[in-house]
> 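My structure is below; once you've seen it, I'll send some questions.
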Amino acid sequence: MKLSFYGGVHPKEHKELTCAKAVESLRKAPAQVTLSMSMHVGAPCAPVVQVGDQVTVGQKIAAPTGLGAPIHASVSGKVVAIEPRPSCGGGKMMAVVIENDFQDTFASELTPHPDYDALAPEEIIDIIKEAGITGMGGAGFPTHVKISSGIGKVDTLIVNAAECEPYLTSDHRLMLEEGEWIIKGVKILMKTFGLDKAYIGIEDNKPDAIEKMRALAEGGVEVVACRTRYPQGAEKQLIQRITGREVPPGGLPAHVGCAVFNASTAAAVYDAVAEGKPLTRRIVTLTGGALNEPKNVLVPFGTPIAHLIEEAGGFRETPDRVLVGGPMMGIAVYDLSACTIKGNNGILCMTRAEAAEHVDAAACIRCGRCVNVCPMHLTPVYMHLYTEKRMWDEAEAMNLMDCIECGSCNYICPARVPLVQSFRMAKFEIRTLAMKRKAEAEKEAKKA
Ligand code: SF4
Ligand code: SF4
C-alpha cells in the first residue's frame, strides 16, 4: 500500500503573507452584492425573488433547476437588479443584485438543531441541501448530492485541510480559530454516512494547525500530517496518502470507498445543521505582493473583487495579474467588478516578479519535465500537442479528461507553456464533441 503519490512539485509557498493574521470582518461592508446564479457545478439556479423585493440575510433568493444548490442573500436590503453581470471566469452570468441596507437582518428558513444527534441521515441531508452547501475547496459540487450518492458505498470519510495551494491560508486560519466547528461538522458527516472513523489531512507546513486539530479531535476523528508537496490537497492524491487506495482513471473517490470534504465545507455543515445558518459567507485570503495589506477576511458572497482589494489597502504596485484562487489552479480575473462566489477562497494580486515564478509562454523544448511531475501519470506534453492541433479524439485517448488541473506541469515547465489553460479548453471541446455525437446518434436511431 503506497501512502504517497507520484509526481508533484514544490512551489514557493508565500503563506507567510497571511498565515499569522487572524480573520477580520470587513472594515466596510459592500454597498451592493451581486449573487451569481452559477456558484456551483451543475445547472445555474433560477431567481425566486423579484426586483424591488426586500430580503434578509439567509433568505433563499434562488433555487436549483437541476444539479445544484439554492443561493441565499448574503446581506439584507433590496433586490435592485436581476440581470447578467461579469463573472470571475470571464463573460457574464445571470445574477441577483442586492443593495445593502447595512442592517444585517438575519432570517433563515432553517431550524437550528443543537441536538443534531437525534436527526436521521435523510433529515441532515435535507438541511445541507436547503442551506445551499457546495464544496468550498473550489470544486463547488453540491454537498448533499455527494453525501446521498455515497451512502452505502463509502467506508472512509476524509476532510481535506491540506490547503496545498501557495499563498492561501483561509483553511489554516479556520482550523486555528474555529477548529471545533470543523470537528463537529465532521461528526455530523460521519453520522450521516453511518461511519465511526474519519481523517483530517493537513500538510506538515502547518504544525500549529495540526497541534490544534489533534487537541480538538475526538470520537473517531484522526488528524493525519501529510508531507508538503503540491498537489497534496487534490482529492485523489489525498485519498492515496491517507488510505493507500488509488482512484482509477476516470473514477471518483466513491469508487474506492472514499468521500472527501473540504474543511470549510465541514464547518458549513455544522453551521447549517446545529445553528440553522445557510451558507452566505466564507473566509477569503486577500494576498500577493501587489497588495498593501494582505489579510484573511470574512466575506459575504457577491462582494466585488475591487471592494476586497480596497479592503486590503489597495495596490502597492500595479499587479501583473489578479487571480481568484491560488497561483496553481486560480483563474485570472479580467474585470474587478466581478463578485465572489461560494468556491472563492482567495484573491491573489501578483507582482510581475511573483508571476514570473509561474507563467510566461514560449515554445515547448521537449524536456519531459511535465511528465515527471504529473500526479495523474499523464503526458502533458503530448496532450498539449494534440490540443494545439485540435485533435480531440487523440487528446482524449491520452486520458486528458483525467487531468485534475493541478498546474504542476505548468509550474515546472521551463518554457512556461500554458498547459492547464490548454487542457481546460480541450476538456470543453471534448465534452461538446461528445454531446454532439450523442445527439447525432439519437437522431439517426430515430430515423432507423
Ligand atoms: S496534466 Fe493535469 S494533472 Fe497532470 S500535472 Fe498537468 S495539470 Fe496536473
Ligand atoms: S515541461 Fe514544458 S517544455 Fe518540457 S516537455 Fe513539458 S511542455 Fe514541453
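Every number for a ligand or one of its atoms is a count from 1 in the order of the listing. Hydrogens, waters and symmetry mates play no part in the numbers below; they use all other heavy atoms, side chains included. Given the structure is predicted, the values throughout are model-derived calculations rather than measurements.
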> Mind checking whether Ala234 has a heavy atom under 4.0 Å from ligand 1?
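No, Ala234 has no heavy atom closer than 4.0 Å to ligand 1.
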> Which residue owns the protein heavy atom closest to atom 8 (Fe) of ligand 1, what's the atom, and how far is it?
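Checked against all protein heavy atoms, atom 8 (Fe) of ligand 1 sits closest to Cys406 SG, 2.3 Å.
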> May I ask you to say whether Lys191 pairs ionically with Asp196, meaning some side-chain N is under 4.0 Å from a carboxylate O?
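The answer is no: the pair does not qualify as a salt bridge.
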> Working to the nearest 0.5 Å, report the span between OG1 of Thr169 and CG of Leu174.
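Between Thr169 OG1 and Leu174 CG, I get 11.0 Å after rounding to 0.5 Å.
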> When you measure from the side chain of Lys146 to the backbone of Pro142, do you find a donor-acceptor pair of N or O atoms at a distance under 3.5 Å?
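Not at all, since once roles are kept as given, no pair shorter than 3.5 Å links the two residues.
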> What I want to check is whether the side chains of His172 and Asn296 have a donor and an acceptor closer together than 3.5 Å.
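His172 vs Asn296: no donor-acceptor pair found between side chains.
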> Looking only at protein heavy atoms, which one is nearest to atom 4 (Fe) of ligand 1, and how far off is it?
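The answer is Cys374 SG, 2.4 Å.
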> Could you tell me whether Arg437 and Asp393 have a side-chain N and a carboxylate O separated by less than 4.0 Å?
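Here Arg437 pairs with Asp393 in a salt bridge, since their nearest N and O are under 4.0 Å apart.
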> For ligand 1, does Pro375 get within less than 4.0 Å through its side chain, its backbone, both, or neither, judged by non-hydrogen atoms?
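The answer is the side chain.
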> Which value, rounded to the nearest 0.5 Å, describes the distance between Leu168 atom CG and Cys19 atom SG?
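Output value for this atom pair is 12.0 Å.
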> Under 4.0 Å from a heavy atom of Gly407: give me the atoms of ligand 1 that qualify, with their elements.
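With Gly407 as reference, the close atoms of ligand 1 come out as 7 (S), 8 (Fe).
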> Let me know which of Arg424, Lys389, Lys436, Arg390 forms a salt bridge (charged side-chain N to carboxylate O under 4.0 Å, His left out) with Glu429.
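It is Arg390, the one option of Arg424, Lys389, Lys436, Arg390 that forms the salt bridge (charged side-chain N to carboxylate O under 4.0 Å, His left out) with Glu429.
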> Tell me the protein heavy atom at minimum distance from atom 6 (Fe) of ligand 1, and give that distance in Å.
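The closest heavy atom on the protein side is Cys409 SG, 2.3 Å.
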> What residue and atom, counting heavy atoms only, is the protein's closest point to atom 2 (Fe) of ligand 1, and at what distance?
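Going by distance alone, atom 2 (Fe) of ligand 1 is nearest to Cys403 SG, 2.4 Å.
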> How would you list, by chain and number, every residue that makes a salt bridge (charged side-chain N to carboxylate O under 4.0 Å, His left out) with Glu83, sequence neighbours excluded?
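Listed in chain order: Arg85.
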> For ligand 1, which atoms, with element, lie under 4.0 Å from some heavy atom of Val420?
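Matching atoms, with element in brackets: 7 (S).
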> To the nearest 0.5 Å, what is the distance between CZ on Phe423 and CG on Leu378?
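With rounding to 0.5 Å, CZ (Phe423) is 8.0 Å from CG (Leu378).
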> Is it the side chain (CB and beyond), the backbone, both or neither of Ile404 that lies under 4.0 Å from ligand 1, heavy atoms counted?
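Both parts.
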> Could you give the distance from OG1 (Thr143) to NZ (Lys342), rounded to the nearest 0.5 Å?
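The OG1 atom of Thr143 sits 9.0 Å away from the NZ atom of Lys342.
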> How far does OG1 of Thr387 sit from CD1 of Ile430, to the nearest 0.5 angstrom?
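Here the interatomic distance stands at 6.5 Å.
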> Heavy-atom contact check, 4.0 Å cutoff: does Val373 meet ligand 1?
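Flag not set, Val373 not near ligand 1.
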> Met376 heavy atoms, cut-off 4.0 Å: which ligand 1 atoms fall inside?
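Within the 4.0 Å cut-off of Met376, ligand 1 contributes 3 (S).
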> Taking 2.8 Å as the upper limit, name the protein N, O or S atoms near atom 8 (Fe) of ligand 2.
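Near atom 8 (Fe) of ligand 2, the protein supplies Cys364 SG.
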